[in-house]
Amino acid sequence: MLLSSIRAICFCGCRNAGRTFQHRNSPPLRQWFCRRGQSSITAENGVSSTPASVTIPNSATNRIIGRWLLGCSGLVVGAVVLGGVTRLTESGLSMVDWHLVREMKPPQSQAEWEAEFSKYQQFPEFRIMNHDMTLPEFKFIFYMEWGHRMWGRLVGLAYILPTMYFWRKGYFTRSMKGKVLGLCGFVFFQGLLGWYMVKSGLEEKPESYDIPRVSQYRLSAHLGSALLLYCASLWTGLTLLLPAHKLTDTKQLLQLRRFAKGTGGLVFLTALSGAFVAGLDAGLVYNSFPKMGERWIPDDLLAFSPTLKNFFENPTTVQFDHRILAISSLTAITGLYLFSRRMVLPRRAKIAISLLAAMAYAQVGLGVATLLLYVPTPLAATHQSGSVALLSLAIWVLTELRKMPK
């Protein structure tokens with residue numbers, strides 16, 4: 001401030017000096033002094049009054065990003081559930097081409113609907129399974145697949161547009177920038193993988209006598225990538241919103257963390273095996289429990305050759321594997337719950353583990369009911385949604401047990 005005052009005095013002196021020197025015919029000298037004084041005062045005031053223009057990431061911005069990622073993960077859940085219903089209603093092959101923008105508008109007139117129906121009639125699903133389908137019936141399966149695709153585009157916009165905004169505002173740390181770029185890239189990959197999956201059901205297969213369906217390999221890859229996107233978004237969002245507990249790293253706690261990680265992986269693998277069950281309609285081959293028919297181990301468990309092929313293409317083996325994985329997940333979650341009761345844990349961690357155990361038993365009950373009732377669509381969709389709920393609770397447990405950041 002003292003320096004500013006001195007320069008202001010000098011500036012006033014320049015103006016007075018300019019008047020004194022006016023009779024000596026030296027206006028260039030006066031103008032030079034005046035410009036020099038004005039620029040110095042402006043620069044000084046600008047440095048002292050300009051606020052910082054770059055937003056530094058802090059707890060407030062972390063909460064905003066955390067809520068955004070939780071919202072995105074919720075949209076991914078919607079896509080998974082809607083995709084499951086689309087598969088259960090056999091609607092996934094109703095749209096026989098893929099356009100990023102043009103297909104966003106469904107057919108409007110009668111002529112447009114008939115043209116779309118005519119394209120569908122050229123593919124194996126109509127000729128083999130739905131040769132007596134009417135136009136109103138086609139509209140139903142078309143809208144199911146169209147809704148699933150539009151939901152996928154909504155998910156993409158929910159990730160990409162806020163990422164651009166938050167990046168420009170400076171909300172992301174360096175590590176967070178890499179994470180959100182990975183999530184956005186994964187969304188794009190997921191869309192391409194979805195069309196790659198649909199194409200497998202549209203191909204002519206003269207050597208096969210099976211009903212037209214998408215490849216179970218591509219279906220499991222599509223579901224698996226969606227679950228990975230969901231887990232990554234949920235984990236990142238929860239770690240930003242829920243502060244880590246100050247837990248003493250005892251031997252028991254380290255064992256509990258390892259147990260929880262293994263259990264979470266088993267839950268994920270069980271959910272992924274459900275894609276093979278859905279892709280092969282394996283829920284319809286043995287509709288009894290706990291035995292498969294009259295046996296604990298069915299005769300056709302390893303009917304295909306080579307043996308490894310049974311685990312991915314034999315409906316009996318795929319259902320058997322899903323049963324084993326489900327029971328193993330239930331056993332592991334029960335053991336995790338009982339082990340955690342012997343330890344002193346924060347309240348949130350205890351609640352998360354208890355809800356995980358309760359959901360595991362509910363999910364197994366839903367699976368058994370779905371099997372015994374020959375896979376009704378509402379119950380099967382609820383069972384598929386339950387797998388995502390169980391996976392969500394496993395992620396929450398891992399979040400509560402995570403180490404304090406250094």
Side-chain angles (χ1 to χ4, degrees), residues 79-98 116-117 119-133 137-149 151-152 190-227 271-287 300 303-304 308-322 367 370-371 373-381 383-384 387:
V80 171
V81 173
L82 189 56
V85 176
T86 302
R87 176 69 188 88
L88 288 166
T89 55
E90 298 180 341
S91 306
L93 300 178
S94 57
M95 296 179 71
V96 296
D97 47 20
W98 189 88
E116 194 69 36
F117 191 28
K119 288 194 294 184
Y120 174 69
Q121 291 172 345
Q122 300 173 17
F123 288 87
E125 185 177 67
F126 175 82
R127 297 199 304 267
I128 297 175
M129 291 179 56
N130 299 330
H131 50 84
D132 57 348
M133 175 177 280
E137 292 172 335
F138 171 72
K139 287 182 179 181
F140 171 77
I141 64 172
F142 181 92
Y143 273 124
M144 288 296 300
E145 174 65 10
W146 180 82
H148 181 52
R149 294 191 186 189
W151 193 276
Q190 175 72 359
L192 294 178
L193 191 57
W195 172 241
Y196 180 65
M197 175 192 70
V198 170
K199 279 187 65 178
S200 67
L202 300 175
E203 297 169 351
E204 297 281 354
K205 300 174 183 176
E207 73 284 354
S208 174
Y209 297 97
D210 200 0
I211 61 174
R213 56 162 65 99
V214 299
S215 165
Q216 69 272 21
Y217 297 102
R218 300 185 191 184
L219 177 61
S220 61
H222 188 48
L223 176 63
S225 62
L227 293 178
L272 192 59
S273 73
F276 283 92
V277 174
L280 293 171
D281 290 327
L284 298 174
V285 291
Y286 283 97
N287 298 96
D300 55 342
F304 292 5
L308 184 62
K309 191 177 181 180
N310 289 278
F311 295 94
F312 304 103
E313 299 184 13
N314 185 343
T316 299
T317 312
V318 167
Q319 188 194 117
F320 182 81
D321 292 344
H322 191 60
T370 302
L371 185 69
L373 296 175
Y374 292 86
V375 197
T377 298
L379 194 58
H383 181 54
Q384 291 181 354
S387 67

Quick one, [X] and [Y] - any side-chain contact, counting heavy atoms below 4.5 Å?
X    : Y    : result
P212 : M129 : yes
F138 : E116 : yes
F140 : M133 : no

Determine yes or no for a side-chain-to-main-chain donor-acceptor pair under 3.5 angstrom, with [X] supplying the side chain and [Y] the backbone.
X    : Y    : result
N314 : D300 : yes
S94  : I141 : yes
Q190 : H222 : yes
R218 : L193 : no
Q319 : A282 : yes
N287 : L371 : yes
Q216 : F312 : yes

State whether the number of non-hydrogen atoms from other residues, nucleotides or ligands found under 6.0 Å of Y196 atom OH is greater than 12. no

Any chance NZ of K199 has more than 12 other-residue heavy atoms, nucleotides or ligands included, within less than 6.0 Å? no

Angle class for the F126/Y120 ring planes (parallel below 30°, perpendicular above 60°, tilted otherwise)?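 Perpendicular.
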
Of all the heavy-atom pairs spanning P124 and L202, show the shortest one and how long it is. CD-O, 3.7 Å

Checking D321 against S273: is there a side-chain donor and acceptor pair closer than 3.5 Å?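 The answer is no; no qualifying pair exists.
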
Set of residues satisfying salt bridge (Lys or Arg N to Asp or Glu O under 4.0 Å) with respect to R87, sequence neighbours excluded: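 Listed in chain order: D281.
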
